[in-house]
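Structure first, then comments.
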Amino acid sequence: MAQELDLELGLAPYDPWVLKKNLTESDLSHNGFVILPKQDFEKIIPQMERGLVENLGNGVEVKVHIVEEGHESDDYTLTLIKCRGSYMLRGGWCDMVKAKGYKKNDEIGLTLDKWTRRFLLHHIK
């Protein structure tokens, strides 16, 4: 009596973007910063270097690499800061928004590449 085995392998789609955010008017304003979703960003913190995490209250410089299909990617130096319980990117954010032409309701994704010690940012839609 032979039994039939189901050996089909399936792969779930891989989504590297730990943090996703739909940009708002205030993210694109001349205030010069974007507030990151706290719960999502706190998933990234365990991967960060201890010195960076300890100094978030003072603001730390981080490298942000823009990932774009079909284009040469850009690198920006921004300031990551924890202020009043929120995590923000500033200090160059406004310049990056202008250069990339981001608009209200655009979705961005962010993750940390711990090997290159930089954040990866992608314009999802």
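Side chains are part of it too, since the values below use all heavy atoms of this structure and drop only hydrogens, waters and symmetry mates.
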Indicate every side-chain donor-acceptor pair of residues 38-53 with a distance under 3.5 Å to a residue at least two apart or in another chain.
| unit_1 | atom_1 | unit_2 | atom_2 | d |
| --- | --- | --- | --- | --- |
| E42 | OE2 | Y87 | OH | 3.1 |
| E49 | OE2 | R117 | NE | 2.7 |
| R50 | NE | E54 | OE2 | 2.8 |

Discussion item. Please identify which of these residues, M88, M96, R90, K21, meets the side-chain contact (heavy atoms from CB on, under 4.5 Å) condition with V34.
Written reply: K21
Worksheet entry | Residue pair E107 / W17, side-chain heavy-atom distance below 4.5 Å | no
Worksheet entry | Min side-chain heavy-atom separation L80-F119 under 4.5 Å | yes
Worksheet item: Roughly how far, to the nearest 0.5 Å, is NZ of K20 from CG of L110?
Response: 12.0 Å
Fill in: Any donor-acceptor pair under 3.5 Å from H122 side chain to V67 backbone
yes
Worksheet item: For G32 and W93, which heavy atoms make the closest approach, and how far apart are they?
Response: O-CB, 3.8 Å
Worksheet entry | E68 side, atom CD; L121 side, atom CG - distance, nearest 0.5 Å | 9.5 Å
Worksheet item: Between G101 and D106, which heavy-atom pair has the shortest distance, and what is it?
Response: O-OD2, 4.3 Å
Discussion item. Please report the interatomic distance OG(S29) to NZ(K104), rounded to the nearest 0.5 Å.
Written reply: 12.5 Å
Worksheet item: Is atom CZ of R118 surrounded by more than 12 heavy atoms (other residues, nucleotides or ligands) closer than 6.0 Å?
Response: yes
Practice prompt. Identify the heavy atoms of I35 and S86 that sit nearest to each other, and give their distance.
Written response: CG2-CB, 4.1 Å
Worksheet item: Given side chains that start at C-beta, do those of N22 and T24 come closer than 4.5 Å, heavy atoms only?
Response: no
Worksheet item: For the hydrophobic clusters of this structure (ILVMFWY residues joined by side-chain heavy atoms under 4.5 Å, transitively), does one cluster hold both I81 and V60?
Response: no
Item to complete: With the side chain counted from C-beta on, respond yes when D27 and V97 share a heavy-atom pair under 4.5 Å apart, and no when they do not.
Response: no
Practice prompt. Determine, using the 4.5 Å side-chain heavy-atom cutoff (strictly less than), whether F33 and I108 are members of one ILVMFWY cluster.
Written response: no
Discussion item. Once side-chain contact (heavy atoms from CB on, under 4.5 Å) is applied, do any residues pair with D95, and if so which ones, sequence neighbours excluded?
Written reply: none
Practice prompt. Measure the OG1-CG distance between T79 and L89 for me, rounded to the nearest 0.5 Å.
Written response: 8.5 Å
Discussion item. Quick one, K100 and I66 - any side-chain contact, counting heavy atoms below 4.5 Å?
Written reply: yes
Worksheet item: Do T77 and K63 get their side chains close enough for a donor-acceptor pair, meaning under 3.5 Å?
Response: yes
